[in-house]
Amino acid sequence: MNEERAREGVEHLQAAAIEVISAMKAFLDVAEDLVRDPASAAVLASAFAEAARAPGAAAPDEAADPATRVTRIRVS
């Protein structure tokens, strides 16, 4: 039973590693595109800046409001 659990654990770790590698490849593809085309980087930076100014975005003083904080509930 322990050998089977160990094998399953290794299989899960392998699958997770493959997912991480795929995610990093996608990230590197985007980074390469930005390096090759600086105009794309400007458009992306502009989009991020616009999203930061979007209506409904939390203001710095709102972040400190206890009503918007996460409440952790311990489950035993």
Side-chain angles (χ1 to χ4, degrees):
M1 185 69 157
N2 287 336
E3 288 181 26
E4 184 174 332
R5 289 177 68 188
R7 182 187 54 76
E8 288 175 1
V10 169
E11 288 175 359
H12 285 291
L13 287 173
Q14 287 174 325
I18 295 297
E19 289 298 320
V20 168
I21 291 168
S22 294
M24 291 305 299
K25 284 180 178 179
F27 175 79
L28 289 173
D29 286 344
V30 170
E32 181 181 6
D33 290 345
L34 292 175
V35 169
R36 290 184 185 276
D37 184 12
S40 295
V43 170
L44 185 62
S46 175
F48 280 129
E50 185 64 29
R53 289 190 304 266
D61 58 335
E62 289 182 74
D65 182 11
T68 61
R69 296 182 57 138
V70 174
T71 302
R72 287 183 171 68
I73 301 172
R74 293 187 63 162
V75 179
S76 53

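Everything quoted here is computed from the prediction, not taken from an experiment.
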Same cluster for [X] and [Y] if Ile/Leu/Val/Met/Phe/Trp/Tyr side chains link at under 4.5 Å?
{"X": "F27", "Y": "V20", "answer": "yes"}
{"X": "V35", "Y": "V43", "answer": "no"}
{"X": "L34", "Y": "F48", "answer": "yes"}

Check your understanding: What residue pairs, at least two apart or across chains, pass side-chain hydrogen bond (donor to acceptor under 3.5 Å, both in side chains) with a residue in residues 36-46?
Key ->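 Every pair satisfying side-chain hydrogen bond (donor to acceptor under 3.5 Å, both in side chains) with a residue in residues 36-46: E32-R36, D37-S40.
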Practice item. Write out all pairs satisfying side-chain hydrogen bond (donor to acceptor under 3.5 Å, both in side chains) with one or both partners inside residues 10-27, taking only residues at least two apart or from two chains. Key: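 The answer is R7-E11.
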Exercise for review: Not counting sequence neighbours, which residues clear side chain to side chain donor-acceptor pair (under 3.5 Å) with D33? List them please.
Suggested key: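 For D33 there are no side chain to side chain donor-acceptor pair (under 3.5 Å) partners, ignoring immediate neighbours.
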